[in-house]
Amino acid sequence: MANISTRFFGLNLSSPVIAASCSMTGHVDQILKLAEAGAGAIVLKSIFEEEIYHELQEELSLRSEMHSDPEYLDYFDYVIKEENIRKYVRLIAQVKMATKVPVVASINCISSGDWVLFARKIEEAGADALELNMYAYPDVYKSGENEEQFYFDTINKVLQVVSIPVTIKISHYFSNLTGIVQRLSQTGIAGITIFNRFYNQDIDVQSQTVVTADVFSSPCDYILPLRWTGLLSGVTSCELAATTGVHSTETALKFLLAGASAVQIASVLYKEGPSAITRINQGISDWMDEKGFGKLADFKGTLSRSSSSEQAWERVQFMKYFGEKAF
Ligand SMILES: Cc1cc2nc3c(=O)[nH]c(=O)nc-3n(C[C@H](O)[C@H](O)[C@H](O)COP(=O)(O)O)c2cc1C
């Protein structure tokens, strides 16, 4: 049987199929099922910086009616953050006691503020690595450089307080994706995962209201991260992983061929349950046996732009003959 072990999060993983951060990875019993199914690592449900600050603000406005003493408010600030982090720390410790599969904590960050101190607590709780799910809200008053600086500031602050490997998960909303990903990969992080899937809006034309779009990805959503995996692999100083739209063995293999070290999956776990991981692992192993590959390194990245397929990946515009059709 082929060896499907890989490296991501600065760690050796038994499989390239990672359970991505989602509600399923926020509960010990479900996490253990994902581990038993063969996940290479589990990324815990994110602790949201926004959530922490929101909770904090509500509490502070209540308390400030009773207390105007800044020292008291400062103390309260600390207590509320402690409560949030305590729940998260407990989850990490429980999961670490129950499984040997690497456990990756996740922080959803939108600023490089004082939440960074949480990162140290996460490390102390025993997390094997930390993923920063990063997104800078577009701001008409900020330049692109300003927006990008947030990523570097946050990473630098976190790397100063922890010694566990730190990775980031980003979106594709950058003006020069190749340039920024390359520079981010040189900051000392252990990996970059492309691209996060966000909460999306849709419009109901009957009620004429803005509604929630489908929360889950569909199998064809892999095309965008696949293109960028192919383009970025070989350009970065750290490992790449891919997320969004990985529902099948075939898609997972495409990402590995394009140069990803691992794939992170969420939607298919909701649709199929943890057995999706077993199915994809088995499929990768069977395909490798069939093709005569003993380990992932034998084929990983062989179809990336830097390895062989430069022209194929760089084509953006449709050639004339693709669009011609007689009606
Ligand atoms: C219900 C749900 C909740 C999610 N929550 C988080 C989260 O808390 N933090 C995070 O970084 N990503 C979160 N994600 C994104 C996933 O980790 C994953 O990167 C994304 O869904 C793309 O993978 P998929 O196509 O397999 O769903 C969530 C996704 C789903 C579907």
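Sequential numbering from 1 along the given sequence is applied to the chain's residues. Order of appearance sets the numbers: ligands from 1, and atoms from 1 within every ligand.
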Would you mind running through ligand 1 and noting each atom that sits below 4.0 Å from a heavy atom of Ile265?
26 (O)

Heavy atoms of other groups near Lys271 NZ, more than 12 under 6.0 Å
yes

More than 12 non-hydrogen atoms from neighbouring residues, nucleotides or ligands closer than 6.0 Å to CZ on Phe152, yes or no?
yes

Region of Asn196 that comes within reach of ligand 1 [heavy atoms, distance under 4.0 Å]
side chain

From Ala266, Ser21, Ser218 - option closest to atom 28 (C) of ligand 1 by heavy atom
Ser21

Could you list the atoms of ligand 1 found under 4.0 angstrom from a heavy atom of Ser217?
24 (P), 25 (O), 27 (O)

Please round to the nearest 0.5 Å and tell me the distance separating atom CG of Leu159 and atom OG1 of Thr187.
6.0 Å

In terms of atom number and element, which parts of ligand 1 are under 4.0 angstrom from non-hydrogen atoms of Thr243?
18 (C), 19 (O), 20 (C), 22 (C), 23 (O)

Give the residue and atom name of whichever protein heavy atom lies nearest to atom 9 (N) of ligand 1, and the separation in Å to one decimal.
Ser46 OG, 2.6 Å

Out of Arg197, Lys45, His247, whose heavy atom sits nearest atom 5 (N) of ligand 1?
Lys45

Does ligand 1 have any atom that is closer than 4.0 Å to a heavy atom of Tyr270?
yes

Would you say CZ of Arg183 has more than 12 non-hydrogen atoms from neighbouring residues, nucleotides or ligands within 6.0 angstrom?
yes

Ring centres of Trp287 and Phe299 under 6.0 Å apart?
yes

Do NZ/NE/NH1/NH2 and the carboxylate oxygens of Asp298 and Lys291 come within less than 4.0 Å?
no

Nearest neighbour of atom 19 (O) of ligand 1 from the list Gln264, Lys169, Glu131, on a heavy-atom basis
Lys169

Do Gln264 and Glu131 come within less than 4.5 Å of each other through their side chains, counting heavy atoms only?
yes

Part of Asn133 with heavy atoms under 4.0 Å of ligand 1, whether side chain, backbone, both or neither:
side chain

At less than 4.0 angstrom from any non-hydrogen atom of Cys22, what atoms of ligand 1 do you find?
2 (C), 3 (C), 4 (C), 5 (N)

Can you find an N/O atom of Gly245 closer than 3.5 Å to an N/O atom of ligand 1?
yes

Over 12 foreign heavy atoms within 6.0 Å of NZ, Lys96:
yes

Salt-bridge criterion met for Arg305 and Glu314 (N-O under 4.0 Å)
yes

List the closest protein heavy-atom neighbour of atom 27 (O) of ligand 1: residue, atom name, distance to the nearest 0.1 Å.
Ser267 OG, 2.5 Å

